[in-house]
There are 2 protein chains.
Amino acid sequence: MGKGRVTVIDIAKAAGVSKSTVSLVLQASPLVNESTRTKVNAVMRELGYVYNRGAANLRQANARSKIIGIVVNDLTNSFFAELAVGVDTVVQSAGFVQFLSNTSESIDRQREVIASMREHGVSGLIISPARGTEAVDLKPLVMAGIPVVLVVRNIPGAKVSSLVSDNHAGTFAAVEHLAALGHSRIAFVGGFPDTAVFDERLGGYRDAMSKTGTGFQEELVVSSAPSRAGGVDALARAMAMPEPPTAAVCFNDAVAFGVCDGLRARRIEPGKDFAVVGFDDVIEAKTTVPALTTISVDPQGIGQRAAQMLLKQINAGKPEAESAVSSVRLIVRESCGAAMNKPGRRMA
Amino acid sequence: MGKGRVTVIDIAKAAGVSKSTVSLVLQASPLVNESTRTKVNAVMRELGYVYNRGAANLRQANARSKIIGIVVNDLTNSFFAELAVGVDTVVQSAGFVQFLSNTSESIDRQREVIASMREHGVSGLIISPARGTEAVDLKPLVMAGIPVVLVVRNIPGAKVSSLVSDNHAGTFAAVEHLAALGHSRIAFVGGFPDTAVFDERLGGYRDAMSKTGTGFQEELVVSSAPSRAGGVDALARAMAMPEPPTAAVCFNDAVAFGVCDGLRARRIEPGKDFAVVGFDDVIEAKTTVPALTTISVDPQGIGQRAAQMLLKQINAGKPEAESAVSSVRLIVRESCGAAMNKPGRRMA
DNA sequence: GTTAATAATTGGAACGTTCCAACTTTGTCA
DNA sequence: TGACAAAGTTGGAACGTTCCAATTATTAAC
């Protein structure tokens, strides 16, 4: 009611016990008598007591707080939103609470939010680093012994855990599938060339193309921003070639959607006259028309797994860096044309 | 380096001053001599000092922490992701940090995360309440004097601030536009009937329809889950009518996308043979094919404005509830057919 | 050269909790 | 009855910071 918040001492007075006893009740200690416990609990409810984690956390300097931080580089991309949801579910059920911040690919912002999280005493951090993040940026965290799990993008040289998806295997499988459908001019579309993820996905594409009859050709790689608009743009450049491609492996689903938009604008029907494969399997992929054939990476699953890795490190005491690769799989839907052309069609 | 974290006292010792002086430096007080300040700052950097907000917050019981909480009911909906980004930008630049949690429409979860945020001493809360939230659920917050701003969904009887978009005006404008294009059988598609937002949007639709020649007809209201899949489903029911509609005002953009999917599956081209209008103007609305005519509500803008309302309350000391309505506007693109049929076309 | 004002610094108390060691009460056993 | 153990309970110290009143060093004014 009044100004001052109600503290453990107020409860103690009202219940006729000592503050220590109240503290024991708070921690569900078996030491306290059942009748005392119920009385204290009743008083707490009555007075509207709220636990002050700040104070508790201050006292137990050994154990850290029950906060875990998650830093993503683009929350408006639904991939990251779903990742955050995945993290939230496991973190929440472990009694932690999540601090989420968005860096919008800004290194400065990223430094700020990480500093802020440290000030609040996070127990651990899940980071999808902004473009251009270097190992030295994470140095203070590992020096302080704060567990960190990098997701989506790894950073060479940083001695922290990481969980990335198997980008190479994903695009490799996509090319193999398209080649099996009879395509030979398969383009690699979208993405910024200066990123590790791009390199890996391009690598899978290159290796698979090299195995085919026509082999890898540099000109079939058309980069762009990793967005829907970027996909529209890249497709325009691809179709302007003397001998345009008949299929595209896209950097991600957003690009793939853009490619479909661009095709339709040219009166080319994706999944019929041209094959499109995405990467990520975002929620919209299965409901859009035509349903997108894509590489499934299960963002929520990655979030959950990353959170589990982090919790393991937190509980282990000393952070033991661990690198994991999340496997991917090809989900065949309509945009690659498989469902329509082939008699023995595979459906997802 | 070692076990114990470095504190203000370590800094004081190393710099040859008192802890009080270090504290003053931390607060950028003008009282401290310039040379002392620089020396202290240097020592802080050298020893890798990190500020302990928990301790600071404990002392200044009057002022609350620099945390604001944001609770959304569905983070995978990009509308809310963008809203969160909007909040983040203004909150961050005011020196606060944001605690984000997702309730997935679960009241229990919502109660948990709000309790957790209180324990961490949030200064204020921005809440997009889960379905079924009642005024009594917010009671403890207003009793504790914690500023709250409700967004998207208002709760009758809760004495807290709110910021909702002008749902009535939005659907009203949509119907008017479609009527002007010559449609008379206009359906209202999607959304759960037991929500305030649904009522408001339906109300705008009903009032506008009453003004037209044919008037409002109950059968043209087809509800469904407010998702893409829901849209597909609702459209199927609408087209099964003896006299199917020729246009649809959709509960939100997700439903509108589903409606477009459903139309295509029936070989009906949205924007040509059938007019579709959405609600929200999510990012994908302008890039999809056909580009979606929709009611723009600018989720990031709402997030920013909500954050400003909240900060105002926090700074004001005593929370003064304030209700605001965010205006909306019709963005005419292709899915309503206006761009193709009319000579004097309006483009957004 | 004294006083007053100003600038800079400081030690101690306080915030709300947990931990520890000590204490009281009750029961058990010889 | 006394010794001992077990079960509950408790006061004080500590965590890292900020605030306050008090102190010292410096400068200004007469």
Side-chain angles (χ1 to χ4, degrees), chain A residues 2-41 43-44 47-67 116 118-122 144, chain B residues 2-41 43-44 47-67 118-123 144:
Chain A
K3 279 285 81 185
R5 71 193 298 164
V6 23
T7 90
V8 100
I9 297 190
D10 300 325
I11 304 295
K13 253 178 220 141
V17 296
S18 79
K19 60 183 170 44
S20 304
T21 304
V22 177
S23 175
L24 291 175
V25 170
L26 283 172
Q27 302 164 74
S29 160
L31 287 175
V32 37
N33 188 309
E34 203 49 40
S35 68
T36 318
R37 182 195 310 283
T38 52
K39 189 205 301 172
V40 169
N41 277 324
V43 174
M44 290 203 290
L47 299 194
Y49 170 75
V50 316
Y51 186 68
N52 185 334
R53 262 176 213 279
N57 194 48
L58 179 56
R59 183 53 176 86
Q60 27 189 194
N62 47 336
R64 271 214 178 71
S65 78
K66 293 298 245 178
I67 302 177
S116 175
R118 286 196 65 187
E119 292 182 359
H120 283 99
V122 291
Chain B
K3 281 284 80 188
R5 69 194 296 161
V6 22
T7 91
V8 99
I9 298 191
D10 301 324
I11 303 296
K13 251 176 220 140
V17 296
S18 78
K19 60 187 168 41
S20 304
T21 304
V22 177
S23 175
L24 291 175
V25 171
L26 283 173
Q27 302 165 76
S29 160
L31 288 175
V32 39
N33 188 310
E34 204 48 42
S35 67
T36 319
R37 182 194 311 283
T38 52
K39 190 206 296 172
V40 169
N41 277 325
V43 174
M44 288 202 293
L47 299 195
Y49 171 75
V50 318
Y51 185 68
N52 184 335
R53 262 177 212 278
N57 192 48
L58 179 57
R59 181 55 174 84
Q60 25 188 201
N62 47 334
R64 273 217 175 66
S65 78
K66 294 296 244 178
I67 303 178
R118 285 195 66 186
E119 292 183 0
H120 283 99
V122 290
S123 312

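The analysis underlying the following values was restricted to heavy atoms, covering all of them including side chains, and did not include hydrogens, waters or symmetry mates. Labels below follow one simple rule: chain letters A, B, ... track the order of the sequence lines, proteins then strands, and each chain is numbered from 1.
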(message) Quick check: closest heavy atoms across A:R5 and B:R118, and the distance to 0.1 Å?
(response) NH2-O, 4.5 Å
(message) Distance check, rounded to the nearest 0.5 Å: B:I67 atom CD1 versus A:I67 atom CD1?
(response) 6.0 Å
[atom1] of [X] versus [atom2] of [N]: gap in Å, rounded?
| X | N | atom1 | atom2 | value |
| --- | --- | --- | --- | --- |
| A:M44 | C:dG16 | CE | P | 16 Å |
| B:L24 | D:dG16 | CG | P | 19 Å |
| B:K13 | C:dT10 | NZ | C1' | 15 Å |
| A:I9 | D:dG11 | CD1 | P | 11 Å |
| A:N33 | D:dA6 | CG | C1' | 13 Å |
| B:N52 | D:dT18 | CG | P | 9 Å |
| B:R53 | C:dC15 | CZ | C1' | 17 Å |
| B:L31 | D:dC20 | CG | C1' | 13 Å |

(message) Just to be sure I understand the rule, does B:T7 reach a base, reach only the sugar-phosphate, or reach nothing, if contact means heavy atoms closer than 4.0 Å?
(response) sugar-phosphate
Please tell me if [X] has a side-chain N or O lying less than 4.0 Å from either OP1 or OP2 of [N].
| X | N | result |
| --- | --- | --- |
| A:Q27 | C:dC19 | yes |
| B:S23 | D:dT17 | no |
| A:Q60 | C:dT17 | no |

(request) Check whether the side chain of B:S20 and the base of C:dG11 form a donor-acceptor pair under 3.5 Å. (result) yes
(message) Can you say whether a donor on the side chain of A:R59 sits under 3.5 Å from an acceptor on the base of C:dT17, or the other way round?
(response) no
(message) Heavy atoms from C-beta onward define the side chain here; which of C:dT17, D:dG8, C:dT10 lies closest to that of B:S18?
(response) C:dT10
(message) Quick check for you: among D:dT10, D:dC15, D:dT17, whose closest atom lies nearest to any side-chain atom of A:L58?
(response) D:dC15
(message) Which is more 5' along DNA chain D, the nucleotide nearest B:Y51 or the one nearest A:R37? Just name the residue.
(response) A:R37
(request) Hey, which sits more toward the 5' end of DNA chain C by its nearest nucleotide, B:K19 or A:A55? (result) B:K19
(request) For the residue pair B:S23 and B:Q27, confirm or rule out a side-chain donor-acceptor distance under 3.5 Å. (result) yes
(request) Using a 4.5 Å cut-off on heavy atoms from C-beta on, say whether the side chain of B:V8 contacts that of B:N52. (result) no
(message) What I'd like to find out is whether the side chain of B:Y49 reaches to under 4.5 Å of the side chain of B:V22, using heavy atoms alone.
(response) no
